[in-house]
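Bear in mind that the values here come from a model prediction, so they are computed numbers and not experimental data. Just the heavy atoms: all of them, side chains too, but no hydrogens, waters or symmetry mates, feed the values below. Below, read A as the first sequence line, B as the second, and so on, with proteins coming before strands; counting in each chain starts at 1.
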2 protein chains.
Amino acid sequence: MNLSDRKLKERKDRQDLILNGALQVFKSKGIEGSTMDEIALESGFGKATLYYYFKSKEEVFAAILTNGWKSLWDNLEPVMSVDNKSPRDTFVNILLCISDNVRSRPGLYEFLFNAPKKVNFESQEWRPFQERIYTVITTLIEDGIKLGEFPQSKPTVLFKALGGLFMGLVLMGKDKPVSKKDIEQLLNDLIPNNTIE
Amino acid sequence: MNLSDRKLKERKDRQDLILNGALQVFKSKGIEGSTMDEIALESGFGKATLYYYFKSKEEVFAAILTNGWKSLWDNLEPVMSVDNKSPRDTFVNILLCISDNVRSRPGLYEFLFNAPKKVNFESQEWRPFQERIYTVITTLIEDGIKLGEFPQSKPTVLFKALGGLFMGLVLMGKDKPVSKKDIEQLLNDLIPNNTIE
DNA sequence: TTAAATTTCGACTGATGATTCGATAAGTAT
DNA sequence: ATACTTATCGAATCATCAGTCGAAATTTAA
């Protein structure tokens, strides 16, 4: 007889508790600076129990990233695949969607966006999701440039600059909600509609 | 009788050798992931010798940052204090100057710009230099906005977006030299001169 | 040439922290 | 109730470094 559904769900819930605790500790102490003892304490389990649910510290770390990027992708996917709009409109909607996600899980996304740079771990199962998102956005920018809706710069460079804007948005979002108006304002400032003139 | 000038210079040279080796290792393994043994191997000294020149691993790290930010400041300072120009012109010149620095020490500046986020060390003697640079640039952007040379966004947000541009520049610079023309092109794309229209 | 100062280094120490062990407690089904 | 599976945990291991030691090599100055 296998584990019942309830059992499976409870197990998943406990894993989430551990992951949430780990995120707290990672954020305050940094990844290398965090110990499994602290994570155990923070999440309310014994240290050995962590190893019952996860093979290693690295797996805990990877699980946070994978869950995060996957859920961001799941929410973004439908927005991205609407294609009866101009790249610019899609771009605005993507920013709005990201902003919603960021607000719903305070602290998680700063971690998602920064943590991978800080560490040289082996497992990188989250990369595919991250890359899918980057690819779609890059394509979007390329299309926007072709259609003259974005500046005629190199896409890679423009992507970097817009990356800064993203970050500004993420950090801005921590304090106050970001409305569609705010985002359009920003885009109008930084990416003027230069089809005319 | 004190150490001769030659002796002092040789000592400084050896410190630089160690620092360069350390930078290599830090870049490839990350800061926490690097061991003093590796740094010793890479720089061609015995481990104990590192401790003859530096008190601790942290001091090695701090020395890299302090040297780097200080030398960037020293090069930037004269460019920044020319004030018979428009903020926009000064901004272009700053970017050019940074670009020169980046090209002259490949790899160093990615480290300077990213490493401080990765670590929670005590000593932060490099901060004053870093902050001086940030402050001047922020003021410059504020002035630019007042004079209508930059978009009328919040300075902090604009700073973030321009931060992305900086990074694009840094990474771009790795492949090919960046000319004054390139930079002006980028600025024209992203920060149109909207005094008229 | 020789004593003092400077520089070098491999081997040792001690602390820290990830991972494992072995025992115990719930929970479940018969 | 009783065997079997699942879950929990503190204590013991084991590896990895940062940092120290004490001896030796090299350089300098008399």
Side-chain angles (χ1 to χ4, degrees), chain A residues 1-26 28-64 115 118-123, chain B residues 1-26 28-64 115 118-123:
Chain A
M1 169 68 52
N2 260 337
L3 290 165
S4 72
D5 281 355
R6 178 177 60 78
K7 226 87 222 281
L8 282 174
K9 179 184 180 310
E10 283 180 0
R11 197 184 277 205
K12 174 91 170 44
D13 286 347
R14 279 177 226 127
Q15 286 182 347
D16 285 345
L17 281 178
I18 293 173
L19 258 24
N20 285 335
L23 179 59
Q24 293 316 313
V25 180
F26 284 157
S28 79
K29 303 287 180 76
I31 289 127
E32 313 271 356
S34 304
T35 72
M36 290 300 263
D37 282 286
E38 284 173 301
I39 296 174
L41 190 63
E42 175 72 28
S43 57
F45 293 89
K47 178 162 56 157
T49 305
L50 304 194
Y51 285 90
Y52 182 73
Y53 288 98
F54 297 94
K55 207 165 29 264
S56 66
K57 181 179 171 183
E58 176 171 344
E59 197 178 278
V60 172
F61 172 80
I64 294 177
K118 301 190 190 188
V119 100
N120 228 5
F121 277 155
E122 199 48 34
S123 149
Chain B
M1 168 69 52
N2 260 336
L3 290 165
S4 72
D5 281 355
R6 178 177 61 76
K7 225 95 226 271
L8 282 175
K9 178 183 180 311
E10 282 179 359
R11 199 185 274 204
K12 173 91 172 45
D13 287 346
R14 281 178 226 126
Q15 286 182 348
D16 284 346
L17 282 177
I18 293 173
L19 259 22
N20 286 334
L23 179 59
Q24 294 316 313
V25 180
F26 284 158
S28 80
K29 303 285 180 78
I31 291 128
E32 312 271 357
S34 304
T35 71
M36 290 299 264
D37 284 284
E38 283 173 302
I39 296 173
L41 190 64
E42 175 72 27
S43 57
F45 293 88
K47 175 158 67 150
T49 305
L50 303 195
Y51 285 89
Y52 181 74
Y53 288 98
F54 297 94
K55 206 166 30 265
S56 65
K57 182 179 170 182
E58 176 170 345
E59 197 177 278
V60 172
F61 173 80
I64 294 178
K118 301 191 191 187
V119 101
N120 228 7
F121 278 155
E122 199 49 31
S123 147

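Taking the side chain as every heavy atom from C-beta outward, Glu59(B) and Tyr51(B) never approach each other to under 4.5 Å. Two residues are said to be in side-chain contact when any heavy atoms from C-beta on lie closer than 4.5 Å; Glu42(A) and Ile39(A) fail this criterion. Here the side chains of Arg11(A) and Lys7(A) are not in contact, with every heavy-atom distance at 4.5 Å or above.
The OH-C1' distance, from Tyr51(B) to dT7(C), rounds to 18 Å in whole Å. Straight-line distance from the CD1 atom of Ile39(A) to the P atom of dG17(C): 12 Å, rounded to whole Å. In this structure, Glu59(A) atom CD and dT20(C) atom C1' are separated by 16 Å, rounded to whole Å. Regarding Lys57(A), its NZ atom lies at a distance of 15 Å from the P atom of dT16(C), rounded to whole Å. Straight-line distance from the CE atom of Met36(A) to the C1' atom of dT13(D): 16 Å, rounded to whole Å. Asp37(A) places its CG atom 13 Å from the P atom of dC9(D), with the value rounded to the nearest Å. Taking atom CZ of Arg14(B) as the reference point, atom C1' of dT7(C) lies 7 Å away to the nearest angstrom. Going from atom CZ of Arg6(B) over to atom P of dT7(C) covers 10 Å, rounded to whole Å.
With respect to Ser43(B), the side-chain contact (heavy atoms from CB on, under 4.5 Å) criterion is satisfied by exactly one of Val60(B), Leu19(B), Ile18(B): Ile18(B).
Residues satisfying the side-chain hydrogen bond (donor to acceptor under 3.5 Å, both in side chains) criterion with Tyr53(A), sequence neighbours excluded, are Arg14(A).
In summary, Lys9(B) and Asp13(B) engage in a salt bridge, as defined by a charged side-chain N under 4.0 Å from a carboxylate O.
With dT6(C), dG17(C), dT28(C) as the choices, the nucleotide that has an atom nearest any side-chain atom of Tyr52(B) turns out to be dT6(C).
Between Arg11(B) and dT6(C) there is no side-chain polar atom (N or O) within less than 4.0 angstrom of OP1 or OP2. For dT8(C), one of the phosphate oxygens OP1 or OP2 lies less than 4.0 angstrom from a side-chain nitrogen or oxygen of Tyr53(B).
Of all the residues in residues 40-49 of chain B, Lys47(B), Ala48(B) reach under 4.0 Å from DNA chain D with at least one non-hydrogen atom.
With rounding to the nearest 0.5 angstrom, the OG atom of Ser56(B) is 11.0 Å from the CG atom of Leu50(B).
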